[in-house]
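Below is one structure; the comments refer to it alone.
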There are 2 protein chains.
Amino acid sequence: MTLKELARLLGLSATTVSRALNGYPEVGAETRARVLEAAARHGYEPNVTARRLATGRALAIGHVIPLAEHQMINPIFADFIAGAGEVYSAAGYDMLLSVVPEPEEPSAYAQMAAQNKVDGVIVHAPKVHDVRVEMLRRLGLPFVMHGRDGREAPDYPFLDIDNRRAFRRATEHLLGLGHRRIALVNGLEAMSFAHRRRHGYLEALRAAGLAPDPQLMRTREMREPYGHAAAAEMLRMPDPPTAFLTASIIVAFGVLRAVREAGLEPGRDVSIATHDDVLSHFSLDGAPPVFTATRSSIRAAGRRCAEILLDLIAAPHGPQVQELWQAELIPGPSTGPALRENQHA
Amino acid sequence: MTLKELARLLGLSATTVSRALNGYPEVGAETRARVLEAAARHGYEPNVTARRLATGRALAIGHVIPLAEHQMINPIFADFIAGAGEVYSAAGYDMLLSVVPEPEEPSAYAQMAAQNKVDGVIVHAPKVHDVRVEMLRRLGLPFVMHGRDGREAPDYPFLDIDNRRAFRRATEHLLGLGHRRIALVNGLEAMSFAHRRRHGYLEALRAAGLAPDPQLMRTREMREPYGHAAAAEMLRMPDPPTAFLTASIIVAFGVLRAVREAGLEPGRDVSIATHDDVLSHFSLDGAPPVFTATRSSIRAAGRRCAEILLDLIAAPHGPQVQELWQAELIPGPSTGPALRENQHA
DNA sequence: GCGGCATCCCAAACCGGTTTGGATTAAGGC
DNA sequence: GCCTTAATCCAAACCGGTTTGGGATGCCGC
């Protein structure tokens with residue numbers, strides 16, 4: 001069923017039918033009603049491809065997922081995409097996903113722009129120095145960043161959580177429990193979120209008059225076995241940490257496993273705190289929290305980023321939206337007072 | 001830069017330029033070379049939307065992700081998508097993701113078909129009785145199923161792992177270690193993969209002359225807290241299981257957590273075996289395996305499904321591809337001989 | 001020298017919508 | 001009764017490609 005067929009059926013021109021369906025004022029109320037009724041009855045749906053070509057609007061949003069060297073796919077990705085996808089579907093937009101080797105990321109964006117495949121993109125996992133901002137500006141592709149680059153107040157729309165503050169608070173929480181040797185099992189510090197978390201951690205240590213121990217600071221892709229290996233190794237040190245702060249619940253589970261293997265009781269012998277993205281496969285309504293955590297839903301972030309981008313596309317010169325969310329600090333059973341004999345002399 | 005502009009630049013017609021670029025034989029070798037050179041020099045890229053409209057080919061593959069009632073997004077999804085996405089990108093196809101509430105899943109497919117948005121789809125997470133097969137046939141939308149419905153030999157292209165065999169072998173492995181009370185912490189059994197796994201488990205028990213205990217069989221969405229709650233509960237039974245078989249590494253981690261909390265040593269006091277999809281955030285090259293597992297990479301499955309679908313689209317009447325992969329049984333430290341005092345009298 | 005056959009290229013139609021610039025008709029004002 | 005204006009509707013152009021159905025040119029054989 002095409003527009004022309006529908007028009008012939010109604011004895012109207014394609015123009016009128018198109019206008020009737022799209023709510024233009026040039027068609028009479030009675031005609032419009034007839035058209036809408038007929039369209040519904042015949043299950044007419046306008047061909048998006050034709051519409052794209054005619055209007056120049058892509059009616060789609062792009063997400064470029066670069067595969068890093070080690071081919072890891074960011075675990076938070078699925079929940080974020082789910083959140084954003086809900087919004088797109090409700091708004092009649094398509095979601096275009098482009099999975100490319102990291103070196104081809106720029107060309108993936110360039111292609112989306114040159115071919116008008118999308119009306120905008122959401123930029124994931126910003127680095128401290130992120131070349132994509134400049135690139136997208138040159139391409140004239142509207143974007144919203146999930147996170148920020150290294151700058152405190154960038155000049156583009158973004159939604160970020162206050163990573164520095166979250167990790168400062170989490171560190172302060174551990175310090176308040178008497179911990180002095182606190183390990184930071186961080187994500188890759190080229191990523192601005194990890195960079196900020198480290199700064200929050202360092203700030204808290206400094207405020208407490210403690211010098212950071214490089215041996216207690218690790219940075220790597222956030223996988224479970226990484227958390228395990230890092231914790232196992234540190235627990236074998238002559239002067240082991242009494243608390244761990246990790247960048248992801250996945251890493252925290254790895255740390256927990258190592259703690260158990262060492263015969264230690266989490267929350268008593270060793271404390272573990274983490275950031276928690278509320279990933280759906282690690283959470284269950286009603287289940288008690290496993291870890292003390294700074295919590296912020298990545299799914300909600302996906303939803304909100306999508307909304308911001310759609311608004312931006314609808315009103316390109318509207319006010320620039322920048323949101324900084326505070327993570328909640330949720331107490332859990334994985335932290336407790338530092339044991340006397342473990343405390344630093 | 002449009003085709004027409006390029007044609008004018010070259011003093012050729014749009015027809016000739018189009019043919020030259022698409023490798024049709026009607027243009028001379030010298031002309032073709034000139035066209036290709038000019039296209040490259042000016043960075044010409046054909047507008048995919050226009051091409052879609054003209055050819056009727058969408059040059060895109062669709063994935064519909066239904067959000068279940070509990071809003072959980074399947075954790076294996078990210079890795080599968082990454083695998084498939086690599087193949088699409090390399091082949092010049094787009095990936096269209098549609099995230100919809102479960103009840104709207106049929107209309108999501110209908111829309112993709114009616115509007116010619118995609119050339120085919122990959123169907124995820126088939127149920128034992130799956131209505132999508134009939135629907136996609138009616139819509140005339142080519143598809144490849146990742147998994148199978150309840151039938152042993154369906155009449156559509158699919159890629160599945162031999163879930164029944166894998167779980168029979170895993171169960172036999174535990175039986176061989178002397179375990180008699182083996183718990184099955186399964187996924188949702190409306191899903192055909194979970195259904196088959198249960199049958200594999202039951203087959204092995206029956207072959208060993210054991211009657212299944214309904215108390216030891218759980219079925220639910222595969223989340224970490226589910227594994228934890230299920231195991232914790234069963235370990236409190238008067239006659240607790242001595243071994244757990246779980247449907248996902250995520251669930252296995254939950255079980256492991258409960259085992260540790262009960263003060264038991266995995267692989268000694270209690271055994272844990274699981275299926276392992278080789279999710280990227282749970283694996284790390286060189287790290288020793290955590291669990292004894294039936295292993296099959298979901299990422300590789302994503303790649304292969306994409307290949308099968310692209311082949312199917314290129315040659316709709318070629319031979320129907322149906323692949324059944326065997327999972328590897330990987331021994332790990334999480335299983336060991338059943339303790340005497342725990343053995344069933 | 002002429003018909004036949006490739007070879008190479010092009011004008012125009014087409015995909016299915018949207019949008020511009022009227023044309024037609026009816027209502028309103030004086 | 002005539003002119004203006006508003007209300008409706010339409011034909012045709014357009015978006016940027018692909019594809020059909022020739023047309024022109026050059027080479028061949030006889």
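Note that the structure is predicted; figures quoted are calculated from it, not measured. Below, read A as the first sequence line, B as the second, and so on, with proteins coming before strands; counting in each chain starts at 1.
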Mind checking what makes ring pair (Phe, Tyr, Trp, His ring centres under 6.0 Å) contact with B:H63, not counting sequence neighbours? B:Y88, B:H124
Please confirm whether the backbone N or O of B:R151 pairs with a side-chain atom of B:D149, one donor and one acceptor, at under 3.5 Å? yes
When you list every nucleotide of DNA chain C with an atom under 4.0 Å from a heavy atom of chain A, which one comes first 5' to 3', and which comes last? C:dG16 to C:dG21
Atom pairs and distances, side-chain donor-acceptor, residues 137-144 of chain B, under 3.5 Å, sequence neighbours left out:
unit_1: B:R137; atom_1: NH2; unit_2: B:D155; atom_2: O; d: 2.8
unit_1: B:R137; atom_1: NH2; unit_2: B:D155; atom_2: OD1; d: 3.4

How would you list, by chain and number, every residue that makes a side-chain contact (heavy atoms from CB on, under 4.5 Å) with B:A78, sequence neighbours excluded? A:I73, A:F77, A:A78
Can you list the residues that meet the side-chain contact (heavy atoms from CB on, under 4.5 Å) rule with B:A90, with sequence neighbours excluded? none
If a pair satisfies side-chain hydrogen bond (donor to acceptor under 3.5 Å, both in side chains) and one of its residues is in residues 2-12 of chain A, list it, with sequence neighbours excluded. none
Starting at CD of A:E26 and ending at C1' of D:dA11, how long is that distance when rounded to a whole Å? 15 Å
For the helix from C:dG1-D:dC30 to C:dC30-D:dG1, what angle lies between the axis at the first five pairs and the axis at the last five pairs, to 10 degrees? 50°
Residue pairs fulfilling ring pair (Phe, Tyr, Trp, His ring centres under 6.0 Å) with at least one residue in residues 12-58 of chain A, sequence neighbours excluded: none
Please report, to 0.1 Å, the donor-acceptor pairs under 3.5 Å made by any side chain of residues 48-55 of chain B, with sequence neighbours excluded.
unit_1: B:R51; atom_1: NH2; unit_2: B:N22; atom_2: OD1; d: 3.3
unit_1: B:R52; atom_1: NH1; unit_2: B:A58; atom_2: O; d: 2.2
unit_1: B:T55; atom_1: OG1; unit_2: B:R51; atom_2: O; d: 2.7
unit_1: B:T55; atom_1: OG1; unit_2: B:R57; atom_2: N; d: 3.1

Below 3.5 Å, can you tabulate the donor-acceptor pairs from side chains in residues 94-101 of chain B to any protein atom, sequence neighbours excluded?
unit_1: B:D94; atom_1: OD1; unit_2: A:K117; atom_2: NZ; d: 2.8
unit_1: B:D94; atom_1: OD2; unit_2: A:K117; atom_2: NZ; d: 3.3

Nucleic acid contacts of residues 2-24 of chain A, taken as heavy-atom distances under 4.0 Å to DNA chain C: A:T2, A:L3, A:K4, A:T15, A:S18, A:R19, A:N22, A:Y24
According to the salt bridge (charged side-chain N to carboxylate O under 4.0 Å, His left out) rule, which pairs have a member within residues 35-50 of chain B, sequence neighbours left out? B:E37-B:R41
Base, sugar-phosphate, or nothing: which does A:T49 touch, judged by heavy atoms less than 4.0 Å apart? nothing
Assert: residue with more 5' nearest nucleotide on DNA chain C, out of B:A54 and B:R34, is B:R34
